[in-house]
Amino acid sequence: MDTLKWNNTGIADELVPKKDEGVAIPNTHEELLFMAQLAEQTERQDEMVLCMKKIVKLNSELDQNERNLLSVAYKNVLNARRSAWRIATSVEQQNDSAEAGTVIVTLREQFEKEVAAVCEDLLNLLDSYLIPAAPRGESKVFYLKMKGDYHRYYAEVMSGESQKQSALEA
């Protein structure tokens, strides 16, 4: 079963309600598509991502609806983490306390890892499955734009050489 690299396993035992293995992800294209749509309506973004990843791996040529679901799934997962990172960065810049500063830095670094994991996950799908299978035209442009966007999001939270490389790849 696919797992999400951006879940914080360090606190998994402390979550309320506890996250177990989660919902069983179906195997057929129709069930996966239905579950992805239901996950979107119920704001279960992680399950939506898992369904869309499985759809991509079963069939790399997505129709417009499936492309939009994939985009929404990753965008929703990423937006919360980018927002958390921006807030932590802002608080870090305004904070003078060394003790609080350590906590803020730890949180900011965790958010950076989560943003990076989401971006890497989608970029891997784009490079390995979607872009190579896309016919010329609308779908190819959609995926290339998405690739540029996610390199930009990655560059936003990284620093040094990683930031430079992502910016160049965007």
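Quick caveat: nothing in here was measured; it's all calculated off a predicted structure.
Note on L38 and L32: separate hydrophobic clusters, where clusters join Ile, Leu, Val, Met, Phe, Trp and Tyr whose side-chain heavy atoms are under 4.5 Å apart, directly or indirectly. Cluster membership check: V77 does not share its hydrophobic cluster with I87, using side-chain heavy-atom separations under 4.5 Å among Ile, Leu, Val, Met, Phe, Trp and Tyr. Residue V115 is not grouped with residue V91 when hydrophobic side chains (ILVMFWY) are merged at heavy-atom distances under 4.5 angstrom, including chains of intermediate members. Hydrophobic clustering, with ILVMFWY side chains joined whenever heavy atoms are under 4.5 angstrom apart, keeps L69 apart from V141. Linking ILVMFWY side-chain heavy atoms closer than 4.5 Å, directly or via other members, places W85 and I104 in two distinct hydrophobic clusters.
Counting heavy atoms from C-beta outward, V105 and E109 have side chains that approach closer than 4.5 Å. L125 has its side chain within reach of K57: a pair of non-hydrogen atoms, C-beta onward, lies under 4.5 Å apart. With contacts defined as side-chain heavy-atom distances shorter than 4.5 Å, the pair F111/V157 does not qualify. The shortest distance between side-chain heavy atoms of L50 and D46 does not fall below 4.5 Å. Looking only at side-chain heavy atoms (C-beta outward), V49 and Y74 come within less than 4.5 Å of each other.
Side chain of R44 to main chain of E40: no donor-acceptor pair is present (N/O by atom type, distance under 3.5 Å, no hydrogens or angles). In this structure, K54 contributes its side chain and P26 its backbone to a donor-acceptor pair below 3.5 Å. Listed for the R67 side chain is a donor-acceptor partner under 3.5 Å among the backbone atoms of L62. The backbone N or O of D63 lies less than 3.5 Å from a partner atom in the side chain of E66, making a donor-acceptor pair. In this structure a side-chain-to-backbone donor-acceptor pair under 3.5 Å is missing from S83 to N79. Listed for the S90 side chain is no donor-acceptor partner under 3.5 Å among the backbone atoms of R86.
Take Y143 and apply the ring-ring contact (aromatic ring centres under 6.0 Å, His included) test, not counting sequence neighbours, and it matches no residue.
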*side chain to side chain contact (heavy atoms under 4.5 Å, CB included) between Q64 and E138, worked out*: CA-CA 9 Å; Q64 183 177 3; E138 184 181 339; 4.1 Å; yes
*Is there a side-chain hydrogen bond (donor to acceptor under 3.5 Å, both in side chains) between Q41 and Q37 once you walk through the steps?*
CA-CA 6 Å; Q41 292 172 0; Q37 292 166 336; over 6 Å; no
*Would you check, one step at a time, whether the test salt bridge (charged side-chain N to carboxylate O under 4.0 Å, His left out) holds for R152 with E156?*
CA-CA 6 Å; R152 184 171 47 85; E156 179 181 66; 5.8 Å; no
_side chain to side chain contact (heavy atoms under 4.5 Å, CB included) assessment of F142 paired with S71_ = CA-CA 10 Å; F142 182 89; S71 177; 3.8 Å; yes
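Of the inter-residue distances, the one linking R108 atom CZ with E92 atom CD reads 4.0 Å to the nearest 0.5 angstrom. Residue C119 holds its SG atom at 9.5 Å from CE of M158, rounded to the nearest 0.5 Å. Note that CD of E112 is 11.0 Å distant from CG of L107, once rounded to the nearest 0.5 Å. To the nearest 0.5 Å, atom CG of residue L33 and atom CG of residue N65 are 6.0 Å apart.
E120 and Y154 are linked by a side-chain donor-acceptor pair at a separation below 3.5 angstrom, with hydrogens and angles left out of the test.
When all heavy atoms of L78 and Y150 are compared, the closest pair comes out as CD2-CE2, 3.5 Å. Heavy-atom minimum distance, M48 versus A36: CG-O, 3.7 Å.
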Less than 3.5 Å apart, which donor and acceptor atoms pair up between the side chains of residues 127-135 and the rest of the protein, not counting sequence neighbours?
residue, atom, partner, partner atom, Å
D127, OD1, K147, NZ, 2.9
S128, OG, N124, O, 3.0
S128, OG, N124, OD1, 3.1

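The pair D149-K75 does not count as a salt bridge, with every side-chain nitrogen at least 4.0 angstrom from each carboxylate oxygen.
Crowding of K140 atom NZ: a count of heavy atoms from other residues, nucleotides or ligands under 6.0 Å exceeding 12.
A side-chain contact (heavy atoms from CB on, under 4.5 Å) with I25 is found for exactly one of E31, K53, M35, namely M35.
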